[in-house]
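For reference, the structure discussed in these notes is given below.
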Amino acid sequence: MPNLLSAIQILIIVSLLEYYRFKNLRRFGIKVKIKNDFIELMPEDLERFSKENQAIALKINGEIKDLFYISSLNGSEEIEIITSQSKEGLEILRHSVAHIMAHAVKDLFPEVKVTIGPAIEDGFYYDFDRDIPFTEEDLQKIEKRMHEIVKSKQPFIRKEISKDEAIKLFESLGESYKIEILKEIEDQKVSIYEEGGFIDLCRGPHIPHTGMVKAFKLLSVAGAYWRGDERNKMLQRIYGTAFSTKEELQDYLNFLEEVKKRDHRRLGKQLKLFEITEEVGPGLIIWLPNGAIVRKIIEDFWKDEHLKAGYQLLYTPHIARLDLWKKSGHLDFYRDNMYSPMEIDQISYQIKPMNCPFHIQAYKSELRSYRELPLRFAELGTVYRYERSGVLHGLLRVRGFTQDDAHIFCTEEQLEEEIQKVLDFTIFILSTFGFNDYDIYISTRPEKYVGSLENWENATFALEEALKKRNLPYQIDPGEGVFYGPKIDIKIKDVLNRSWQCSTIQVDFNIPERFDIKYRGKDGKEHRPIMIHRALMGSLERFMGVLIEHYAGAFPIWLAPIQIEVMSISEKHVNYAKKVYDHLVFNGFRAKLNIENEKIGYKIRQAILNKVPYIVIVGEKEIKNNTITVRKRDGENLESIDFEKLIEILMKDIKDKK
């Protein structure tokens, strides 16, 4: 019995020791998260663990900090390891490389003043004040110096000093832009980072040392006004990118080359689609014959489908009395994007930035009954908005553009169903043009808004319910609604997986109230309709720019400005080529006849450069057999086929919207 008691006592003692050891670990161990898993480490083991897992920073109790904060941990924190493979880590890496670039610039060009250098979505930039423009040769020198700084493994050292000390420091360095920033900071303590003798004002965090940079590339130089204000000095912005591996960097550089090939501005000139000239004015588009044909096809398709969907078409003026824009609220909320008024007969008129007030006037043109609702008005309406010259970008950011606009007037009971119909219509239109991948956002109430909170909540609920019933996943974009109501934004993804904002659906209780529009209900009383603003493609200009880049200018045959080019091998085959061409035109195809006295190889190459879907070649063999040889844009050859067979192939491709 005593032996048994001894064994039990020993077991209890061992259990108690294990309990207190575990309790001590829970009390003094650090909870560490890596790759979504939690482990516990003693403080003295964390530094080794961080190095083994290639940490560049820590998230301490939810706040990202420099890695050197390890030495100040007391064991009660929750830690997450940040590596350069994570989104947060990549941002830290890129921000650090921006500092290294500024260091290199100051080493090579000491007279330069530095400003700011943040990480951005695909890389980083830094703005510099230098009178002489940076050249491509300068970028190569800067990049070479950056590699030297990286190789030296200089540590990033953070120091906290008083704001007054920082001002004195940057005064001694002659960095006037840093002083301007400092004077606007309310905190009395600021942080600076020193790396290899280069000092910068920065909140951080940064990588532990420059040697952790594995792959970077300087990309370009552009002008940028200080703080984005055209009244300030023009600076030089050097763009670059950085990745955690050389393979990732090379993949990104390959992506940039593909983007360059697809640039709609270059292709627009090559394919003679549109023109922008200084004589006319920046941001104003001249549609050339090829582009005008594509636009006409899009417009015809758009109108036909809207008529099928129960819309009524409108055409409205380009200007209206200024009072109309005051009443609609646009003057209060969009004044900075509107052009200056013009005086006509001592009355102020405004070129239109929106179509909405005109559609309201169409609604008010007669008394409305509940039986007419929902009432759907649609218009390809050209509007004009002032955009700063620095943000204009080909067809994607312009000053005059045509919205594929529509406004739906409905009852509160009809609201959700109408939103669902618009969603279905939007997805149909986008998929027809080859866009089947997109992100959807609900933009909620902004700081400056009109209308009651109840209306905002009801409208937001209706948008969410419509998306849920269509099983469409979405994200919330807080505060990004328009002043009169919440909205759904659909961002399409192109073949390179880039997102483009095009489609929008907006609920508006405000404008119907401002214009006091009504309908007579079943009860014989007057009621206020709800208004839905919606655009499926956004604007024809922007949508065309996205289409060009999505297809790299090689439009599907139903959209191609020239669907088929007929070419003769020599002069003696011209008559037969003309006969084939005439048959194609008679059958409604957009054809081109090429009977120039050039070698057939040259003619084919030119047609391929012009992205023509089908090329018909006629020579001695074709004349003898009364056939044609067809070469497709992708290189496939259809030799000696019957003309009617070609018509059949073309008709099928057009019908299928290939």
Side-chain angles (χ1 to χ4, degrees), residues 256-280 282-302 392-398 400-402 432-435 492 494-496 498 500 502 537-567 581 584-585 589-596 598 600-617 630-636 650 653-654 657-658:
L256 290 183
E257 280 301 309
E258 188 61 34
V259 169
K260 189 176 178 182
K261 289 179 192 173
R262 293 169 178 268
D263 190 320
H264 76 280
R265 294 166 299 179
R266 183 182 67 81
L267 288 169
K269 187 170 286 291
Q270 177 186 322
L271 302 176
K272 300 177 182 178
L273 298 170
F274 66 93
E275 188 76 16
I276 303 171
T277 69
E278 284 298 320
E279 289 84 354
V280 172
L284 301 171
I285 308 302
I286 298 170
W287 292 94
L288 301 176
N290 283 347
I293 283 290
V294 180
R295 175 169 170 156
K296 177 188 179 299
I297 296 162
I298 294 172
E299 288 182 356
D300 290 348
F301 170 74
W302 186 92
L392 297 174
H393 185 77
L395 294 174
L396 302 177
R397 198 74 177 263
V398 293
F401 56 93
T402 302
T432 301
F433 286 100
F435 299 107
I492 60 176
D494 66 12
V495 70
L496 297 181
R498 296 175 297 173
W500 304 93
C502 291
M537 296 182 288
S539 79
L540 293 187
E541 286 74 12
R542 182 177 177 80
F543 195 73
M544 181 73 158
V546 176
L547 273 178
I548 294 169
E549 299 206 0
H550 182 61
Y551 288 111
F555 295 112
I557 189 169
W558 75 283
L559 283 174
I562 298 169
Q563 295 172 316
I564 187 162
E565 184 170 338
V566 181
M567 52 185 67
Y581 168 78
L584 288 167
V585 173
F589 297 104
R590 297 185 293 279
K592 176 184 176 181
L593 178 63
N594 187 343
I595 53 175
E596 297 295 322
E598 299 282 357
I600 191 66
Y602 173 79
K603 291 181 182 181
I604 292 171
R605 284 194 299 275
Q606 289 303 113
I608 291 170
L609 280 174
N610 292 328
K611 317 284 187 181
V612 178
Y614 285 88
I615 302 166
V616 169
I617 303 162
V630 179
R631 178 190 171 97
K632 296 176 75 172
R633 184 168 52 198
D634 60 9
E636 182 186 352
L650 294 175
D653 282 358
I654 291 169
K657 300 282 192 293
K658 284 189 176 179

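Fair warning: this is a prediction, and the values are worked out from it, not measured in the lab. Computed over heavy atoms, backbone and side chain alike; hydrogens, waters and symmetry mates excluded.
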Would you say that [X] contacts [Y] through its side chain, given a criterion of any heavy-atom pair below 4.5 Å between the two side chains?
X      : Y      : answer
Met544 : Phe274 : no
Gln270 : Lys611 : yes
Val616 : Val630 : yes
Val280 : Ile285 : no
Arg265 : His393 : yes

When you look at Leu547 and Phe435, which way does the side-chain contact (heavy atoms from CB on, under 4.5 Å) test go after all the steps?
CA-CA 9 Å; Leu547 273 178; Phe435 299 107; 3.8 Å; yes
Result block: side-chain N/O donor-acceptor pairs under 3.5 angstrom for residues 557-564, not counting sequence neighbours:
from   : atom 1 : to     : atom 2 : distance (Å)
Gln563 : OE1    : Arg590 : N      : 2.9
Gln563 : NE2    : Ile557 : O      : 3.1

On a heavy-atom basis, which atom in [X] and which in [Y] lie closest, and how many Å separate them?
X      : Y      : result
Ile492 : Cys502 : CD1-SG, 3.7 Å
Arg633 : Phe555 : NH2-O, 2.9 Å
Leu267 : Gly553 : CD1-N, 3.8 Å
Pro556 : Lys657 : CB-O, 4.2 Å

Which atom pairs, donor and acceptor, lie under 3.5 Å between side-chain atoms of residues 290-299 and protein residues at least two apart or in another chain?
from   : atom 1 : to     : atom 2 : distance (Å)
Asn290 : ND2    : Leu271 : O      : 3.0
Arg295 : NE     : Glu299 : OE2    : 2.7
Arg295 : NH1    : Glu541 : OE2    : 3.3
Arg295 : NH2    : Glu299 : OE2    : 3.4
Arg295 : NH2    : Thr402 : OG1    : 2.9
Lys296 : NZ     : Asp300 : OD2    : 2.5

With distance as the sole test, does [X] use its side chain to make a donor-acceptor pair with the main-chain N or O of [Y] at under 3.5 Å?
X      : Y      : answer
Glu565 : Lys592 : no
Arg262 : Ile548 : no
Asn610 : Val612 : no

Could you tell me the separation between the [atom1] atom of [X] and the [atom2] atom of [Y], rounded to the nearest 0.5 Å?
X      : Y      : atom1 : atom2 : answer
Arg542 : Leu396 : CZ    : CG    : 6.0 Å
Glu278 : Leu284 : CD    : CG    : 10.0 Å
Leu540 : Trp302 : CG    : CH2   : 8.5 Å
Tyr614 : Leu650 : OH    : CG    : 6.0 Å
Tyr581 : Met567 : OH    : CE    : 13.5 Å

How far apart are the C-alpha atoms of Leu392 and Ile276, what are their side-chain angles, what is the distance that settles it, and do they pass the side-chain contact (heavy atoms from CB on, under 4.5 Å) test?
CA-CA 11 Å; Leu392 297 174; Ile276 303 171; over 6 Å; no
Between Phe301 and Phe433, how do the two ring planes meet: parallel, tilted or perpendicular, split at 30° and 60°?
perpendicular
Could you pull out every donor-acceptor pair under 3.5 Å between side chains of residues 600-608 and any protein atom, sequence neighbours left out?
from   : atom 1 : to     : atom 2 : distance (Å)
Lys603 : NZ     : Ser568 : O      : 2.8
Lys603 : NZ     : Glu596 : O      : 2.7

Which residue in the set Lys269, Glu549, His550 passes side-chain contact (heavy atoms from CB on, under 4.5 Å) when paired with His264?
Glu549
